[in-house]
Amino acid sequence: MIRVLVVDDSALVRRVLSDELAKQGDIEVVGTAIDPYAAREQIVRLRPDVVTLDIEMPRMDGISFLAKLMKHYPLPVVVVSSLAPQHSATAVRALALGAVEVVAKPGSALSTPDVAGELARAIRHAASVKAVLLARSDAPVVRGAPPEHHDPAGGPGGHHPSDASVTTLPRLRTTHRVLAIGASTGGTQAVERLLRALPADAPGTVIAQHMPEHFTAAFASRLDGLCAMEVREARDQDPVVPGVALVAPGNRHLLLQASGARYVVRVKDGPPVHHQRPAVDVLFQSVARAAGPNAVGVILTGMGADGAKGLLAMREAGARTIAQDEASCVVFGMPKEAIRLGAAGAVLPLDAIAPAALRALEY
């Protein structure tokens, strides 16, 4: 049974959330709190597994409380907020501070008919994370030479499938390289740490991070202010060039496409894959087709199996592939599945991935 504390200044919202969660057989609301001060006492007394947290509250706002909580008592938090799309930067800030997910409050601008189901799924995800890894850890911005070399990630580290299985894929190396990154739960922090370790002229980078519509632009903008590379939300036909990282827009798939000896991205609709849009598998499969050995694929922390088959396709196409190790993952789901399939040429701690990827890209 997952024990949940609901924190919201609205008595109506507290009752609605409690009633809806009570319908779930595996979730128990053990208490409610009107503001962060009451929540602090309830957390100490009740020891909940997950906290749902509003952002706009009296006496102390949710962001300030989240920062204090992650510093002193890391605990899985799902933000439940009525924030409108134009305030998505606040939600992204919450994710950067350690919130596991952000869910729209019932009746808000971003809510869906199945908001209760979405909240229950988010709580289940949150209950499975490693709370100790949720606290934010800043990494230095690299502006000069690349980091010292670690494991090259590339020693493919094992038997590759025969070339016959990938004969339709490009086999020639070019001077243009692509770094493809996929992540889900815990990925906002992991992607930030990885990108902050890359120099300003790092190879062109494409990123699929599971994140709702309206949030990805704010996520990219935040990263742009923190990283040496330029980071922005991808637009259809954007070129993939050194020094630029392109983030898949929420609710759209991101694909890589060859354009002569260079690459561009395509931003497309299409059915969700693994219940996700953008899906990491869609990105990685396209990178395997378009770039083959000219790419490095990195799969980071996340729930489920999205990206595992795509990373395998990249490895079969001659790309170097890296999976984040269990010890540094908030949720060891996606990397674990990739490792199980034999898709990972190297399994590395988060902070070793950037130098290994640069080495594999012959940077």
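Predicted, not measured: the structure shown is a model, and the values here were computed from it.
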With rounding to the nearest 0.5 angstrom, report the [atom1] to [atom2] distance, [X] to [Y].
X: His176; Y: Arg262; atom1: NE2; atom2: CZ; answer: 4.0 Å
X: Arg320; Y: Asn294; atom1: CZ; atom2: CG; answer: 11.5 Å
X: Cys227; Y: Leu198; atom1: SG; atom2: CG; answer: 8.0 Å
X: Glu316; Y: Leu311; atom1: CD; atom2: CG; answer: 10.5 Å
X: Leu97; Y: Lys68; atom1: CG; atom2: NZ; answer: 12.0 Å
X: Glu233; Y: Phe215; atom1: CD; atom2: CZ; answer: 12.5 Å

With heavy-atom distances below 4.5 Å as the criterion, would you say the side chains of [X] and [Y] are in contact?
X: Glu56; Y: Asp61; answer: no
X: Leu361; Y: Leu179; answer: yes
X: Gln237; Y: Val265; answer: no
X: Leu17; Y: Asp19; answer: no
X: Thr90; Y: Ile55; answer: yes
X: Leu53; Y: Ser81; answer: no
X: Val4; Y: Ile123; answer: yes
X: Met211; Y: Thr188; answer: yes

Testing the basics here: between [X] and [Y], what is the closest heavy-atom pair and its distance to 0.1 Å?
X: Gln209; Y: Pro278; result: O-CG, 3.9 Å
X: Ala323; Y: Ala344; result: CB-CB, 3.7 Å
X: Ala354; Y: Ala197; result: CB-CB, 3.6 Å
X: Leu283; Y: Ser286; result: O-OG, 2.7 Å
X: Met60; Y: Tyr37; result: CE-OH, 3.8 Å
X: Met314; Y: Phe284; result: CG-O, 3.4 Å

Check the pair Val191, Phe219 against side chain to side chain contact (heavy atoms under 4.5 Å, CB included), reporting the backbone distance first and the verdict last. CA-CA 10 Å; Val191 169; Phe219 176 54; 4.1 Å; yes
Checking the side chain of [X] only, and the main-chain atoms of [Y] only, is there a donor and an acceptor separated by less than 3.5 Å?
X: Asp306; Y: Val280; answer: yes
X: Gln42; Y: Leu46; answer: no
X: Thr301; Y: Thr185; answer: yes
X: Ser88; Y: His214; answer: yes
X: Asp49; Y: Arg3; answer: yes
X: Ser10; Y: Val13; answer: yes
X: His210; Y: Gly182; answer: no
X: Asp236; Y: Val267; answer: yes
X: Gln324; Y: Ile299; answer: no
X: Arg277; Y: Gly270; answer: yes

Treat each ILVMFWY residue as a node, draw an edge where side-chain heavy atoms are under 4.5 Å apart, and state whether [X] and [Y] are in one component.
X: Met229; Y: Leu300; value: yes
X: Leu66; Y: Val92; value: yes
X: Val287; Y: Val273; value: no
X: Leu350; Y: Ile207; value: yes
X: Val7; Y: Ile34; value: no

Does Glu101 form a salt bridge (Lys or Arg N to Asp or Glu O under 4.0 Å) with Arg121? I'd like the steps, not just the answer. CA-CA 10 Å; Glu101 292 198 36; Arg121 286 191 291 272; over 6 Å; no
Is a salt bridge present between [X] and [Y], judged by a nitrogen-to-oxygen distance below 4.0 Å?
X: Lys309; Y: Asp281; answer: no
X: Glu41; Y: Arg45; answer: no
X: Arg252; Y: Glu213; answer: no
X: Asp224; Y: Arg232; answer: no

Run the numbers on Met303 and His274 for side chain to side chain contact (heavy atoms under 4.5 Å, CB included), then give the verdict. CA-CA 10 Å; Met303 181 78 64; His274 294 284; over 6 Å; no
Evaluate side chain to side chain donor-acceptor pair (under 3.5 Å) for Gln257 paired with Arg289, printing each intermediate quantity in order. CA-CA 8 Å; Gln257 186 177 80; Arg289 291 190 298 268; over 6 Å; no
Go through the steps to decide whether Val206 and Leu254 satisfy the test side chain to side chain contact (heavy atoms under 4.5 Å, CB included), and finish with yes or no. CA-CA 8 Å; Val206 288; Leu254 184 70; 4.2 Å; yes
Side chain to side chain donor-acceptor pair (under 3.5 Å) against Arg14, all qualifying residues, sequence neighbours excluded: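 By the side chain to side chain donor-acceptor pair (under 3.5 Å) rule, Arg14 matches no residue at all.
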Might you work through the side chain to side chain contact (heavy atoms under 4.5 Å, CB included) test for Ile43 and Val51, ending with a clear yes or no? CA-CA 9 Å; Ile43 287 170; Val51 172; 4.2 Å; yes
